[in-house]
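Worksheet: the structure to be examined is printed underneath.
Keep in mind the model is a prediction, meaning the values are calculated, not measured. Order of the sequence lines sets the chain letters (A, B, ...), proteins ahead of strands, with each chain counted from 1.
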Number of protein chains: 2
Amino acid sequence: MKATIKDIARTAGISYSSVSRALNDLKGVSEQTRQKVKKIAEELEYTPNAVARGLVQKQTGTLGLILPDITNPFYPEIARGVEEQASLAGFNTFLCNTNYDLSKEESYLRNLIEKRVDGIILAPVSSHSNLFEQRKHMPVPFVYLGNTPERTKYSFVLTDNVRGGYLATRTLIEKGYRRIGFISGKDEESPVGGRFTGFKEAMDRYDIDINDDYIRFGNWRLKSGYDIIQQMIGAGIYPEAVFAGNDILAMGILQGIKEKGLSVPEDIAVIGFDDIPYASWPAINLSTIRQPKSRMGKSAVEILIEQLQTENRGGTMLKATKIILDPDLILRGTC
Amino acid sequence: MKATIKDIARTAGISYSSVSRALNDLKGVSEQTRQKVKKIAEELEYTPNAVARGLVQKQTGTLGLILPDITNPFYPEIARGVEEQASLAGFNTFLCNTNYDLSKEESYLRNLIEKRVDGIILAPVSSHSNLFEQRKHMPVPFVYLGNTPERTKYSFVLTDNVRGGYLATRTLIEKGYRRIGFISGKDEESPVGGRFTGFKEAMDRYDIDINDDYIRFGNWRLKSGYDIIQQMIGAGIYPEAVFAGNDILAMGILQGIKEKGLSVPEDIAVIGFDDIPYASWPAINLSTIRQPKSRMGKSAVEILIEQLQTENRGGTMLKATKIILDPDLILRGTC
DNA sequence: CTGAAAGCGCTAACAG
DNA sequence: CTGTTAGCGCTTTCAG
């Protein structure tokens with residue numbers, strides 16, 4: 001049986017409101033009783049019950065972070081940014097991994113809301129997870145990270161994917177490549193949308209025809225890149241360069257190319273997106289478009305905190321904050 | 001203002017216990033009222049308050065998982081195993097990342113307990129995090145993962161590190177290497193302890209002298225491996241082979257060796273520990289000792305669930321479950 | 001400085 | 001089938 005505030009009150013022979021004051025370092029108790037209470041609390045191995053406190057205070061000191069794939073090194077970097085910024089503000093963050101499973105995303109979202117976390121950061125599986133869009137009000141401060149539904153009414157922070165896609169493609173073009181491919185996770189999703197848009201814009205701008213044979217969509221996992229490029233090469237389809245929707249896809253593509261006995265960038269050049277830590281690994285040395293991962297996480301938290309404050313001040317019309325960060329071109333050895 | 005069960009009761013004109021029954025699909029309500037209640041709940045955008053429920057039921061349906069570094073691909077694999085097994089049993093899992101910060105570990109641990117999660121899995125920063133060891137009772141079902149304090153009274157699941165270390169070292173020896181180094185994160189920690197012990201046992205068994213110049217301890221991050229090997233080579237210290245405490249250290253070592261213009265395994269052979277996904281990446285192709293990561297996570301959850309059940313049955317003396325899994329030797333190109 | 005009392009939102013007997 | 005009543009553990013007025 002776990003000790004409660006009442007147990008302490010009883011053994012101390014005082015009221016439990018005094019115990020509460022003593023334990024929370026509020027004024028209104030003599031130093032003497034405070035000491036006494038704290039001593040007893042320790043002896044009883046008392047642990048405050050945050051769920052009871054949460055019930056009355058309507059605050060839990062917790063932020064929820066929902067990510068699609070912690071196995072992709074991109075997301076842990078984001079998580080770190082979130083965590084750091086959150087603990088600066090005195091919040092704990094709970095990370096939920098959906099594994100690209102939309103039903104898990106929904107379930108975690110509901111769960112976090114029911115658990116009354118103070119704010120939620122969601123990096124959605126797909127920009128079509130409308131779960132939230134339909135609600136009239138957001139039941140809790142909320143911000144999208146990265147993959148954002150179009151015309152959302154909620155706050156978001158993302159990297160300018162169109163610009164990133166343009167940058168990547170233009171780089172390829174300026175290096176002299178013409179037969180350029182685009183391999184990515186499923187379309188219809190905002191970032192791809194954006195990255196693909198940027199790709200098309202660049203191709204258009206430089207008057208280069210897009211060959212549909214070179215455009216392929218799979219999922220976001222390494223193996224997908226590997227399979228797609230192998231399948232392409234097997235079918236005799238040779239782009240001169242490919243722009244991959246993210247870095248782990250690019251890694252899969254690199255692997256696929258090499259196993260076919262071809263070399264990078266001589267036979268096929270490659271550029272990725274994200275700049276995950278392994279991209280700079282010498283054996284990989286991947287050219288890519290960098291997203292400011294830590295910054296993204298931190299900004300998301302800042303938005304949440306701000307919403308929390310204005311909310312507490314009785315502010316009603318919380319306008320959504322929209323942050324679009326600039327990507328950077330990182331040139332390494334693969335293009 | 002968020003709608004509560006009372007609001008529903010009021011607008012439906014019934015008692016709120018009936019509402020509770022209807023919403024939770026308990027028997028004791030007519031199908032008619034159930035429908036009515038559910039309809040109203042939807043209109044009011046009612047979201048159950050899990051903290052209130054948790055307070056009365058003394059259960060939160062949540063497991064806590066504390067990991068030292070989600071940036072090391074080893075841990076996400078564990079997290080996946082935990083998650084899968086947990087959702088099978090109907091639990092949500094909250095992941096906390098300590099970033100090798102002991103004070104964060106303590107803080108998260110306390111937090112999870114205060115939040116009354118139903119069970120905690122802790123992969124400690126160091127086997128010296130005694131935080132829990134001192135308590136008379138564990139306030140919540142608890143299991144160590146991987147890095148376990150010696151002679152703990154709590155449950156744990158880990159890989160047989162001594163055996164793993166022995167396996168790695170024996171492999172090196174049998175391949176003909178004699179000047180063998182060991183580079184790892186800080187000692188005094190159980191797994192290293194174990195891995196180092198295995199290393200020493202193998203060296204001893206084959207009557208090979210250990211050269212202290214080849215034994216180095218840094219931290220567990222990639223850069224540490226890189227720095228150490230570069231420093232060694234720079235100082236003219238050339239082992240023929242090195243056993244790295246984990247795979248990302250090994251990757252750092254690989255990088256360091258190559259940047260010094262040496263080649264692997266011709267100049268220096270390398271073997272790691274963990275078998276992270278990137279180890280099998282062709283450009284890395286790291287020989288290593290595999291830990292059954294997913295299995296570890298799942299086993300940890302199983303232990304928790306079992307404790308929960310015996311606890312609920314009024315069982316008092318929960319004996320700790322101790323699981324030691326076998327590592328596997330994975331031979332690739334680096335030794 | 002201290003105690004009594006109310007109540008957060010919900011579940012769970014217990015009557016009817 | 002339905003309502004009434006406690007009460008989970010804690011904070012927070014409001015008196016004293």
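One atom, CZ of B/Arg34, and another, P of D/dC1, lie 9 Å apart when rounded to the nearest Å. Rounded to an integer number of Å, the gap from B/Ile8 CD1 to C/dG9 P is 12 Å. Atom NZ of B/Lys6 and atom P of C/dC10 are 9 Å apart (whole Å). Following rounding to the nearest Å, B/Lys2 (NZ) and C/dC10 (C1') show an atom-to-atom distance of 15 Å. One atom, NZ of B/Lys115, and another, P of D/dG9, lie 18 Å apart when rounded to the nearest Å. Atom CD of B/Gln59 and atom P of D/dC8 are 17 Å apart (whole Å). For the pair B/Ile14 CD1 and D/dC1 P, the computed distance is 13 Å after rounding to whole Å. Distance A/Leu44 CG to D/dG9 P: 14 Å, rounded to the nearest Å.
Take A/Ser155 and apply the side-chain hydrogen bond (donor to acceptor under 3.5 Å, both in side chains) test, not counting sequence neighbours, and it matches A/Gln307. Applying the side-chain hydrogen bond (donor to acceptor under 3.5 Å, both in side chains) rule to A/Thr62 yields the partners B/Lys115; only residues at least two apart in sequence or on another chain are considered. Every residue was checked against the side-chain hydrogen bond (donor to acceptor under 3.5 Å, both in side chains) condition with B/Thr93, not counting sequence neighbours, and none meets it. Residues passing the side-chain contact (heavy atoms from CB on, under 4.5 Å) test with A/Gln32, sequence neighbours excluded: A/Ser30. With sequence neighbours excluded, the residues satisfying side-chain contact (heavy atoms from CB on, under 4.5 Å) with B/Ser18 are B/Ile14, B/Ser15, B/Arg21, B/Val29. Listed by chain and number, the residues in a side-chain hydrogen bond (donor to acceptor under 3.5 Å, both in side chains) with A/Thr159 are A/Gln291 (sequence neighbours excluded).
Between C/dG3 and A/Ser15, a contact under 4.0 Å exists linking OP1 or OP2 to a side-chain N or O.
More than 12 heavy atoms of other residues, nucleotides or ligands sit less than 6.0 Å from atom CD of A/Glu31.
In the helix from C/dC1-D/dG16 to C/dG16-D/dC1, the terminal helix axes, each the rotation mapping four pairs' C1' atoms onto the next four within five end pairs, subtend 40°, rounded to 10°.
When the nucleotides D/dT2, D/dC10, C/dC8 are ranked by their closest atom to the side chain of A/Lys58, C/dC8 comes out on top.
Each side chain to side chain donor-acceptor pair (under 3.5 Å) pair with one or both residues in residues 65-83 of chain B, not counting sequence neighbours, appears once here: A/Asn99-B/Arg80, A/Tyr108-B/Glu83.
When each of B/Asn49 and A/Thr33 is assigned the nucleotide of DNA chain C bearing its nearest heavy atom, the one mapping closer to the 5' terminus is A/Thr33. Residue whose closest nucleotide on DNA chain D sits further toward the 5' end, between B/Gly13 and A/Ala50: B/Gly13.
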| Under 4.0 Å protein heavy-atom contacts per nucleotide of nucleotides 11-16 of chain D, with B for base, S for backbone only and - for none | BBB---
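Between B/Glu84 and A/Lys104, no side-chain nitrogen of the basic residue sits less than 4.0 Å from a carboxylate oxygen of the acidic one, so the salt-bridge criterion is not met.
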